[in-house]
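Below is one structure, written out as structure tokens, with a few remarks after it.
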Amino acid sequence: MKVKELVQTSLIVATIIILGMIPPIPLGIIPVPIVMQNLGIMLAGIVLGSKNGTIAVGIFLLLAFLGFPVLSGGQAGPAVFVGPTAGYLLGWLLTPSMMGYSLSRPFMSRSWGQLTGIWVTGVLVVNLIGAVWLWIVTPISLIGALGSGLVFLPGDTIKAVAVYLVAVRMKMLSGAFSRN
């Protein structure tokens with residue numbers, strides 16, 4: 001990894017951690033709160049590309065696993081990786097590589113294609129994996145878990161649009177949308 005890539009990766013890890021300092025919003029209907037960290041996860045995929053984005057998210061999740069309170073609400077430790085939110089963490093780890101792959105496809109070169117790629121990988125897939133995990137580890141039915149995931153779609157969609165706008169601005173500044 002080049003020094004520039006190392007610095008960019010470190011900055012994204014720091015950004016994800018800082019977004020975790022914004023208190024989570026508990027929903028009360030399911031044991032998964034609304035958090036801002038997934039915005040940083042989507043940024044990792046769009047800014048760093050598949051490889052380095054996955055490395056950044058992996059480092060972040062390793063810190064959380066080792067007990068550093070980097071997850072939203074100060075959560076950390078191995079227990080988080082088997083609890084109700086673990087599916088979302090798995091989705092986060094997969095997001096940069098899926099996003100990098102989808103955005104590298106020729107049909108994704110238009111604005112709507114790019115925004116769709118960000119939304120599908122950073123919102124839809126993460127919420128789907130999270131809901132299936134929630135169904136596995138809690139007494140919630142699969143339909144109930146999938147239905148409860150709908151609560152996250154409006155806010156996560158706004159985050160995906162924000163990530164897209166950041167990516168467009170970065171493209172204008174650097175001439176590169178994503179390095180895969």
I'd like to know whether V163 forms a side chain to side chain contact (heavy atoms under 4.5 Å, CB included) with L39, so could you lay out the CA-CA distance, the side-chain angles of the two residues, the decisive distance to 0.1 Å, and finally the verdict.
CA-CA 7 Å; V163 167; L39 185 122; 4.2 Å; yes
Would a 4.5 Å heavy-atom cut-off, applied to side chains only, mark M21 and M36 as touching?
no
May I have all residue pairs that pass ring pair (Phe, Tyr, Trp, His ring centres under 6.0 Å) and include part of residues 20-47, sequence neighbours excluded?
none
Residues in side-chain hydrogen bond (donor to acceptor under 3.5 Å, both in side chains) with W119, at least two apart?
T157
Is I18 reachable from I34 through a run of I, L, V, M, F, W or Y residues, each pair having side-chain heavy atoms under 4.5 Å apart?
no
Over all atoms of both residues, closest heavy-atom pair of S141 and G144:
OG-N, 2.9 Å
Within the side chain of Q114, is there an N or O that forms a donor-acceptor pair under 3.5 Å with the backbone of Y164?
no
Check whether any side-chain heavy atom of V166 sits under 4.5 Å from a side-chain heavy atom of M170, and report yes or no.
yes
Show the nearest heavy-atom pair for residues A56 and I12, with the distance to one decimal.
CB-CG2, 4.2 Å
Looking only at heavy atoms, which two atoms of A145 and A131 are closest? And how far apart?
CB-O, 3.3 Å
Can you find a heavy atom in the side chain of L146 that is under 4.5 Å from one in the side chain of L128?
yes
Establish whether Y88 and L93 are linked, either directly or via other cluster members, by ILVMFWY side-chain heavy-atom contacts under 4.5 Å.
yes
Show me the donor-acceptor pairs within less than 3.5 Å that the side chains of residues 40-49 make with the rest of the protein, sequence neighbours left out.
none

For the side chain to side chain contact (heavy atoms under 4.5 Å, CB included) test, which of T54, V126, V120, T121 pairs with M98?
T121
Do other residues, nucleotides or ligands put more than 12 heavy atoms under 6.0 Å from W135 CH2?
no
Per the ring pair (Phe, Tyr, Trp, His ring centres under 6.0 Å) rule, what does the pair list look like for residues 44-84, sequence neighbours excluded?
F65-F81
Is it true that I25 and L19 fall in one hydrophobic cluster, defined by side-chain heavy atoms closer than 4.5 Å?
yes
Is any side-chain heavy atom of V125 closer than 4.5 Å to a side-chain heavy atom of T95?
no
Shortest non-hydrogen pair, V123 vs A160, comes out as CG2-CB, 4.0 Å
In this structure, would F152 and L150 fall into the same cluster of hydrophobic residues linked by side-chain contacts under 4.5 Å?
yes
Considering all heavy atoms of both residues, which atom of L103 and which atom of G117 are nearest to each other, and what is their separation?
CD2-CA, 4.3 Å
By side-chain contact (heavy atoms from CB on, under 4.5 Å), which residues pair with V80, not counting sequence neighbours?
L71, Q75, T85, L89
Could you measure the distance from the CD1 atom of I55 to the OG atom of S97? Nearest 0.5 Å is fine.
11.5 Å
Does one hydrophobic cluster hold both W133 and W92, with members joined at side-chain heavy-atom distances below 4.5 Å?
no
To check you understand the geometry: which heavy-atom pair defines the closest contact between P23 and S72, and what is its length?
C-OG, 4.3 Å
Under the side-chain hydrogen bond (donor to acceptor under 3.5 Å, both in side chains) test, residues paired with N52 that sit two or more places apart:
none
Can you measure from CD1 (I129) to CG (L94) and round to the nearest 0.5 angstrom?
5.0 Å
